[in-house]
Amino acid sequence: MIKIKINDRDIEAKEGTTILEAARAAGERIPTLCHIKDMFPSGACRMCVVEVKGRPALIPSCAYPVEPGLEIKTNSQRVITARRMIVQLLLASHPFDCLTCTKNGFCELQSLASEYGIDRVPFKGATRHHYTDFSSPSICREPDKCILCGRCVRICEEVQGVSAIDFTRRGFNTMVLPAFEMDLSETACVNCGQCVLACPTGALHEVRVIEKVMQVLQEGKKHVVVQAAPAIRVSLGDFFDLPAGSNVTGKVASALRRMGFKKVFDTDFSADLTIMEEGTELVHRIQEKGKLPLFTSCCPAWIKFAEINFPELLPNISTCKSPQEMLGATIKTYYAQKEGIDPKDVYVVSVMPCTAKKYEALRPELSSNGMVDVDAVVTTRQFARLIQLYGIDFKTLPEESFDAPFSTSTGSGDIFAASGGVMESALRSAYHLITGKDLAKLEFEDARGFQGVKEATVNIDGLELKIAIVNRLANARAIAELVRDGKSPYHFIEVMACPGGCAGGGGQIFGYEPERIQKRIQALYQIDKTRDVRLSYKNKPVMDLYKDFFEKPGSHKAHELLHTGYNPRTTKE
Amino acid sequence: MGNTDQAVLEKKKPLEEVVKKYPASRENLISILQEVQDAYGYLSRESINGIGRYLNLPASKIYGVATFYNQFKLNAPGKIQIQVCRGTACHVKGSFELLETVKRALGIDVGETTKDGAFSLETVACLGGCSIAPVITANGKFFGRLDKKKVEDLIAKWKQGGVEE
Amino acid sequence: MSGIFIGMGTCGLATGAGKVKTAVEKWAQAHSMKLPITPTGCIGYCQVEPIMDVVTDGGVRVSYSNVTPEVADFILDETLVCKNYKLDGILGQFRGPKSPLPGVPFLDEHPYFKKQVKYVLRNCGVINPESLSDYKAAGGFQGLEKALGMGQQKTADEVLKSGLRGRGGAGFPTGKKWAMALANPSDKKYLICNADEGDPGAFMDRSILEGDVFSVLEGMMIAGFAIGADEGIVYCRAEYPLAIERLIMGIDMLRKEGILGKKVGKSGFQFDIRIKKGAGAFVCGEETALMASVEGRRGMPRPRPPFPAKSGLFGKPTIINNVETLANVSHIMREGAEKFASIGTATSKGTKVFALTGKVKNTGLVEVPMGMTLREVIFDIGGGIPNGKAYKAVQIGGPSGGCIPTEHLDIQIDYETLKTVGAIMGSGGLVVMDEDTCMVDVAHFFLDFITKESCGKCIPCREGTKRLYEIVESIVSPYSKMASEEENLLRFNKIMNMEELAQVIKDTSLCALGQTAPNPVLSTLRFFKKEYEAHIYDRKCPAHQCKGLLKYEIDTNVCTGCTACARKCPTQAIVGERKKAHYIVDEKCVRCGTCADVCRFGAVKVS
């Protein structure tokens, strides 16, 4: 421990930490804009500057390691003047449409302006301009609002390994743009939305859908139903001042019902359905010496990533649709039939922690008989907005359950939102499919955890199954390269594009906070633990669905409605 | 610093040949961009994508580097590329007015090319010819100790018969 | 045997040295004389280039200035045929082992050279930069030999003892920097020579590279040896094609000689050098931005710590030295630290090369001992202000520096002293300004430069310098006819913010480009406040430079109505009938001055 002084307080700081980290640990507030937790400091925004005794200029606390004897002032006049001026400078280049901006109330620049009591902007002159890019089905870019913090660029490059956008030009004219300043939809962007989470202002946000959903509900012409993803129940609380990872499952259902959806379904149900199909597929490939390793397919960002970068591996990817799509397809066929509703009149909305799901819903393969499986995708953030718009008092909502026939879920379905959750669920069921028995211990500790790559060898009655679980696409790229080059030892690989899995998806509350994601994941495993039924093949309504409609996993009908295909994809050059 | 060797431009050496001089490593990106610009006169979109394939780098990274540095042109240059030096010594000796004169004589702004493709205009921070300020270059050739009339005459001469070798 | 030397650096070539060479060759052919022509670099007296030296039969070398092909013929006739040396335009004879020519002045007594101390530039303009044997004959590579014999630590100590400080502008003690890198163990270290020389108005490094490239290469080897690097990189700006050519040639020759690329002698030291061309970014003169550029990235600086000596290029310990710094090193090692330390002031040892340009009679490169006054440099060496104009200021340190007015002309050139007047040593650019220079325009010019060259990474520089520029722009820009009260108020508001903004930019910018960006404004504000006030309150430019504040009017008493001006006006701002007095519409006038040039009657008045 190193002894330093911050604002005349004696502080003990851990060796190897920066002044910023030490100050935060000691409860001293230092604002940042370009800083990303756990990533190498950029030093670009200068908001974190502090005064250090003996140094002539102000020091960026994010980049300066603690040394014994440092005397630091985080709130001297000089520091506050500097920080205020930096905010004023940012405001001088920024459009002043806060009141109509999607980020109103969530914008970090807005918060800083308020925190530092900015009452005027003394500079008026040139601003940067680039057209607003509406081309992508998931992400909307408003470069005019960009403050060039670089967080999106770094996340896209270092965490996701995609680099769809980068800094271009130089000096005041610098802008974060795709190559050749083309539309985002023409680039290698996979719609994961991590950039949206990282963006402190309204420069990046998800494509609007609230108005469309409200209109459909209002018109009353369609039979509007909704499904909610596993992640939502442990993430929605973030918007209502609840601690991270609070389980609000019952409120999710009641809130959706209050909005006027005819039926409120649980995507966890179809997660179990997915396991049945995918588990069967895995066992089939193992036993019939089919294409291995098998990659999971529930993450649409991963699918697009593979289509662009690893077209040769497409046969390795499971043909299973994702849970939202499986449920959508089932609703428009089985459910519509059962209720005697014309499928054309059924409108399926899904609430997802994900922006790529918006893109997924529009994939031409994901429709049958001219009808898309899912009509509209709402992110967790947009869901919170809807709750606000409808004047629903979240705190006093009762706990309700989802609607039959798609309401029951097992623990296996719940953990889908965690990185390793799909794998764990699949293994639990695969065990049964191969041995006919039930697993004794259902937890696969090796599959759990926030780190980007997890590997294990699982013994299923003598069969050694080598598995890998990756989250963050840069890791997916590395594993995929191994497979492509014939160097991979794996049989089954789970891929989720977002850090920690869907729990850290691009549709969640803004900000990149690993602890928050981890709390959500913990909550999910906790829900799993408390379930009576934790095995997908024991989900009775799922079994009934097969009996009544699909016959059995992998049947012809299942393949028609619950499976899909992939195509190599090029970006515009 | 453009190389408008018409023969090379016309021959259009394939990109693979131009880049293979450098190992396929990120650190050679700028040298490769310089080499490709020397070969083709500017950096076209095809060139940038080709370099991306060679180096296994996303096009956004290459575009980001190409737009950062003054040297790189992303639009085809004119047959005669004029650079007006805007260094301190040249400024003090009147290069700003010189630039305005050139702009008027050619009818284009900085960074543009005339419609007939004959001339393109750039400014440079400093060419190092401070002792003979103000300086302009045409296709790399230095012309110093200029004034408004001298520059108008030069441009008129070039319009007729190009820059002498 | 007779011989000819011609200064063929970039400025020599730009003034026609190439044609002179052809003329000499023709003359030699016509006179059936074997006349070897040796090209040299720039001796520094760029004002009078092309410069040609004739070596007499007696082996004495005499230098002549302002040589054109015709003058060359004349000189050759007079000197080689008629043995008459004292000609118009003579600069002087070199001192050498042979008996001097009687009655002929010495080169080192020429007023331009008299007060100069040629330490680092001793070979430029004298030897053939393309000849390794010439370089060795002048003592080349003895410094390296000594260093190899002394060992790494002692070499760094020797350079530390000499007091050599970074000549790129920062002035950090070179020996100390080397010792820091030496102390960091690593499997790989790099020595980078910063030849980016981005300061507009500076060409010292270019001339050294063109005129004495081996001194830089040897300096790199000594530095590389001292820190434990096996690889050197020269980062040279692409705008210097001749310098790059010389570097390529120099490295090639040294490789052929086995000095580069192979173990040198018994020491086991092996070093190789490669070249990386800059791509047009002033910010890449900054250490960390330079390294980013070498790595193939956008040239954006990064915070320090970690310092390059610990973690630099590709994360390895790296030392970056300026060209002039490295060129000094071989002489320091060969002649000893004391000789270097005997020149200069207490804290600033040795000499400094300056590029003296602007409104001064003798423009060119000068090398002076630290401690000489600016007055001596500008007036004694530079010859003072031409055209009878009055001295106003000298800009030192480029866009990071400041302007020094008459009252501080006697300041000693020293790293510390210059800071006391709000300037910095910089890389060596000295731009002289006279009474016709507008100091507010100077600040405007540098801010324009900085905003264009800012990398855009950090907020204070990217946004702050732009706003600073806009404030100064509002001071020099046109008088608006509408709502002038409101505009004045806005302008005053902005100006009051200017100092606070400048201070924040200085305090918080990520790199030296931003930290020093406000210097020209602060410096001109400090010493030329009256000029600012004239611009702000009176809306006039006392030096008649700021076009926006000039007013072009036609004197109706003089105008004959010939319509010449109206026809030439690029914005059709002049109205009038033939034979009737014309009138300039102020709103349309862009102050280009064409009408004033064209009018044969002097009817256009500028105020």
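Within every chain, numbering begins at 1; the chains are lettered A, B, ... in the order of the sequence lines, protein sequences first and strands thereafter.
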Which atoms form the tightest heavy-atom contact between Arg170(A) and Asn70(B), and what is the distance? NH2-OD1, 3.1 Å

Provide the closest heavy-atom pair for Thr67(B) versus Arg169(A) in the form atom of the first, atom of the second, distance. OG1-N, 2.8 Å

Given that the side chain runs from C-beta out, which part of Ala188(A) has a heavy atom under 4.5 Å from chain B: side chain, backbone, both or neither? neither

Identify, with sequence neighbours excluded, every residue that meets salt bridge (charged side-chain N to carboxylate O under 4.0 Å, His left out) alongside Glu27(B). Arg274(C)

Using the salt bridge (charged side-chain N to carboxylate O under 4.0 Å, His left out) criterion, which residues pair with Arg104(B)? Sequence neighbours excluded. none

Are more than 12 heavy atoms from other residues, nucleotides or ligands located less than 6.0 Å from atom [atom1] of [X]?
X: Lys124(A); atom1: NZ; value: no
X: Tyr131(A); atom1: OH; value: yes
X: Phe96(B); atom1: CZ; value: no
X: Asn56(B); atom1: CG; value: no

With sequence neighbours left out, what residues match Phe143(B) under ring-ring contact (aromatic ring centres under 6.0 Å, His included)? Trp158(B)

I'd like to know if the side chain of Ser60(B) reaches the main chain of Ser163(A), judged simply by a donor and an acceptor atom lying under 3.5 Å from each other, with no hydrogens or angles considered. yes

OG1 of Thr168(A) to OH of Tyr63(B): how many Å apart, nearest 0.5 Å? 6.0 Å

Just checking heavy atoms, which of residues 172-182 of chain A are less than 4.5 Å from chain B? Pro178(A), Ala179(A), Phe180(A), Glu181(A), Met182(A)

